[in-house]
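The structure appears below as structure tokens.
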Amino acid sequence: MSESLISARGLTKKYGDFTAVDGIDFDVAKGESFGLLGPNGAGKSTTMRIIAATSRRTSGTISILGRDPEEHGPQVRAHLGVVPQQDNLDTELTVAENLYIYGRYFGLSKKFVKGKVDELLSFAQLEEKKDVKVEALSGGMKRRLTIARALVSEPDILMLDEPTTGLDPQARHILWDRLFRLKEDGVTLIITTHFMDEAEQLCDRLVVMDKGKIMAEGSPAELIKKYSTKEVLEVRFGSDRNKEVAPILHKMCDRIEELPDRILMYVEDGEKLLEEIVAKKLHPNTSLVRRSSLEDVFLRLTGRSLIE
Amino acid sequence: MRTAVEIADARAEKLGHQLYAGRARAIIERASIALRSSTWVPIATGFIEPVLYLLAFGYGMGTLIGDISTSSGAVDYTIFIAPGLLATSAMNGAIYDSTWNVFFKLNESKLYQGMLATPLGPLDVALGEIIWALIRGLSYAVAFMLITAPLGLVPSWGAIFAIPAAVLIAFGFASFGMAITSYFKTYQQMGLINVALLPMFLFSGSLYPITVYPDWLEFTIKLLPTWHGIELIRDIWFGVIDFSSLSHISYFVVMIVLGLFFTTRRLRDLFMR
Ligand SMILES: Nc1ncnc2c1ncn2[C@@H]1O[C@H](COP(=O)(O)OP(=O)(O)OP(=O)(O)O)[C@@H](O)[C@H]1O
Ligand SMILES: [Mg+2]
């Protein structure tokens with residue numbers, strides 16, 4: 001790993017008595033795309049705000065490009081493009097005006113920003129809406145505009161807090177493609193998401209947080225290898241019978257997870273286990289053998305499914 | 001072309017760079033863009049109010065009152081109230097943008113949160129919004145002057161200095177208004193501002209000299225910014241600049257500084273905690 005662009009040690013944030021971020025350590029290398037995963041309230045957005053120099057930590061250290069955001073807030077923010085979890089677009093202005101004025105907040109020249117606006121309108125596929133007030137946009141369009149706005153200052157680090165929430169599948173794929181291209185240009189990405197496929201697609205490395213702590217860290221493949229088995233067998237017996245058969249299934253497999261609607265069994269060979277189950281005359285209503293995914297890692301680490 | 005990073009780095013050694021990026025004008029630019037598409041009705045009503053007072057009290061009631069005796073001799077009633085109403089125009093304009101509009105931006109639109117995610121600091125936002133509000137106060141005052149001059153209500157050329165004085169007054173009101181607004185959380189609290197302003201205007205000597213009051217009330221009124229504003233403009237209007245004019249000026253300087261200080265601190269506490 002090359003020198004780290006962002007480095008946190010014992011990073012802690014308290015709101016009164018409540019600890020939202022509880023002594024976490026992490027490093028992000030230049031050009032890397034780094035993911036923060038975790039259930040609701042895990043402390044992802046809080047961590048993002050501390051990195052973005054818009055929230056002050058309670059204790060611990062953090063450096064961004066070698067700078068402490070508490071002492072060099074404006075310099076740190078000049079490097080960043082921020083997509084907050086909730087859009088905070090300027091509702092009194094049009095789409096194009098939103099992009100323009102945001103560039104002006106960074107002190108960029110009118111001429112430069114005007115050129116940038118056209119480029120970003122096409123990036124966000126909002127050319128036709130450029131003179132429309134923000135209020136008249138759909139949720140997904142607002143999201144795309146917020147992302148485009150974060151790029152107006154040509155940031156080295158792009159902070160994306162649940163960037164694709166509210167986007168339709170097509171817009172999501174287009175965004176992934178755009179993010180890949182930014183990454184190729186050397187932009188460092190920091191992403192939080194509740195979508196596992198997104199994390200697998202976009203993140204070189206990620207951490208799973210829960211209750212303010214980091215539970216695991218690694219590349220998606222490493223995490224799957226470490227915290228899950230090769231395959232997962234999903235069986236459904238109907239909600240009444242699931243409880244009944246669970247104890248029997250427990251004896252057949254080292255790790256099983258009972259969800260409200262189905263039972264997950266973690267094994268190396270799913271087909272073989274399914275045959276054994278059928279041989280015991282426990283006929284599941286439906287069954288599915290699949291490869292382990294990040295979702296399984298998540299479940300293992302936090303005891304919860306990702307989208308609650 | 002300088003990049004965002006170069007611009008921020010160039011400022012990094014300056015005192016207070018965390019609070020102020022030297023770019024209040026970006027906030028003013030934003031406000032002027034927003035103005036283009038906003039409705040003109042509330043802007044016009046804010047200006048018309050003092051003009052209506054001038055017509056109703058000056059040309060209406062004034063005919064019954066005739067002359068009024070002041071420290072600089074007897075003056076026509078309409079001429080007496082004109083400077084008071086010019087000061088009121090400046091205050092009205094400044095209050096309009098710095099209270100309700102700021103409240104909306106703070107609570108409904110999260111606008112400042114977006115601004116403060118850039119290298120801008122809370123003082124940029126505070127100063128930009130306050131200067132924008134004072135520009136409105138200034139334009140009301142100028143418009144009021146343009147109406148009163150042809151009516152023969154402006155006694156001398158010296159009264160032109162009422163305009164810079166109006167800037168000072170508007171700055172004070174905008175600054176203080178935004179500071180108070182930034183601490184208010186509900187519409188009810190905001191309503192208090194309006195409830196307080198009308199009597200402050202009516203009883204602060206805009207329409208008659210406050211010497212009519214008992215001593216304790218006169219003393220109380222003299223603590224109010226409305227009185228200092230009205231008196232300052234009236235001093236200039238009639239060319240009687242003295243020590244008391246200076247005290248009015250100092251009053252507004254203090255108001256500006258306090259308002260900026262508390263607004264900046266509050267914005268930082270709200271959005272960068
Ligand atoms: N300004 C605040 N004041 C008090 N508590 C806060 C504040 N902001 C966040 N918290 C608390 O800190 C915890 C972490 O919040 P955070 O927004 O970082 O979670 P998250 O991981 O982003 O969750 P989500 O997936 O729902 O966005 C939550 O319990 C939240 O209630
Ligand atoms: Mg969040």
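In the text below, chain A, chain B and the rest are named by the order of the sequence lines, each starting its count at 1. Remember, it's a predicted structure, so these values are computed and weren't measured experimentally.
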For this session: Specify which of A:Gly73, A:Ala52, A:Pro74 makes the most heavy-atom pairs with chain B at under 4.5 Å.
Result: A:Pro74
Exercise. Is atom CZ of B:Phe104 surrounded by more than 12 heavy atoms (other residues, nucleotides or ligands) closer than 6.0 Å?
Worked result: yes
Exercise. Do other residues, nucleotides or ligands put more than 12 heavy atoms under 6.0 Å from B:Gln189 CD?
Worked result: yes
Exercise. In Å, rounded to the nearest 0.5 Å, how long is the span from OG1 of B:Thr118 to OH of A:Tyr102?
Worked result: 5.5 Å
Problem set entry | A:Leu93 portion near chain B, given a 4.5 angstrom heavy-atom threshold | side chain
For this session: Take B:Arg30 and A:Glu92 through the salt bridge (charged side-chain N to carboxylate O under 4.0 Å, His left out) test and state the conclusion after the steps.
Result: CA-CA 10 Å; B:Arg30 183 233 159 241; A:Glu92 290 175 70; 3.1 Å; yes
Problem set entry | Atom pair CD1 (A:Ile101) and CD1 (B:Ile27), whose distance is rounded to the nearest 0.5 Å | 7.5 Å
Exercise. More than 12 non-hydrogen atoms from neighbouring residues, nucleotides or ligands closer than 6.0 Å to NZ on A:Lys130, yes or no?
Worked result: no
For this session: Rounded to the nearest 0.5 Å, what's the gap from OG on A:Ser55 to CE on B:Met272? Could you check?
Result: 10.0 Å
Problem set entry | Step-by-step side-chain contact (heavy atoms from CB on, under 4.5 Å) determination, A:Asn88 to B:Leu111 | CA-CA 6 Å; A:Asn88 53 16; B:Leu111 182 68; over 6 Å; no
For this session: Among A:Thr91, A:Val82, A:Leu108, A:Asp87, single out the residue with the greatest number of heavy-atom pairs under 4.5 Å to chain B.
Result: A:Leu108
Problem set entry | Interface residue of largest heavy-atom contact number with chain A, from B:Gly121, B:Ala21, B:Ser37, under 4.5 Å | B:Ser37
For this session: For each of B:Arg11, B:Glu108, B:Glu6, B:Arg268, tally heavy-atom pairs with chain A at distances under 4.5 Å, and name the one with the top tally.
Result: B:Arg268
Exercise. Among B:Val5, B:Ile7, B:Asp124, which has the most heavy-atom pairs under 4.5 Å with chain A?
Worked result: B:Val5
Exercise. Among A:Gly107, A:Ser109, A:Ser153, which has the most heavy-atom pairs under 4.5 Å with chain B?
Worked result: A:Gly107
Seminar exercise, completed: Whatever's closer than 4.5 Å to a heavy atom in chain B on A:Tyr105 counts as both
Problem set entry | A:Tyr100 versus B:Glu29, side-chain donor and acceptor atoms under 3.5 Å | yes
Seminar exercise, completed: Turns out that what part of A:Ala53 lies under 4.5 Å from chain B's heavy atoms comes down to backbone
For this session: Output the distance between atom CZ (A:Phe106) and atom CZ (B:Arg23), rounded to the nearest 0.5 Å.
Result: 9.0 Å
Problem set entry | B:Leu15, CG: over 12 other non-hydrogen atoms inside 6.0 angstrom | no
Exercise. B:Leu116 versus chain A, heavy atoms under 4.5 Å apart: side chain, backbone, both or neither?
Worked result: backbone
Problem set entry | Spacing of A:Glu154 atom CD and B:Thr3 atom OG1 [to the nearest 0.5 Å] | 8.5 Å
For this session: Report yes or no: does B:Gln18 contribute a side-chain atom to a donor-acceptor pair with the main-chain N or O of A:Glu70 at less than 3.5 Å?
Result: yes
For this session: Check the surroundings of atom NZ in A:Lys142: do more than 12 heavy atoms from other residues, nucleotides or ligands lie under 6.0 Å from it?
Result: yes
Exercise. Heavy-atom distance under 4.5 Å to chain B: side chain of A:Lys111, backbone, both or neither?
Worked result: neither
For this session: Please look at A:Leu89 and chain B and tell me whether the side chain, the backbone, both or neither of the residue comes under 4.5 angstrom of a heavy atom of that chain.
Result: backbone
Exercise. Would B:Arg273 and A:Arg49 satisfy side-chain contact (heavy atoms from CB on, under 4.5 Å), going step by step from the backbone distance to the final call?
Worked result: CA-CA 10 Å; B:Arg273 64 201 180 126; A:Arg49 280 198 299 272; over 6 Å; no
Problem set entry | Spatial distance of atom CG (B:Asp269) from atom CZ (A:Arg56) [nearest 0.5 Å] | 6.5 Å
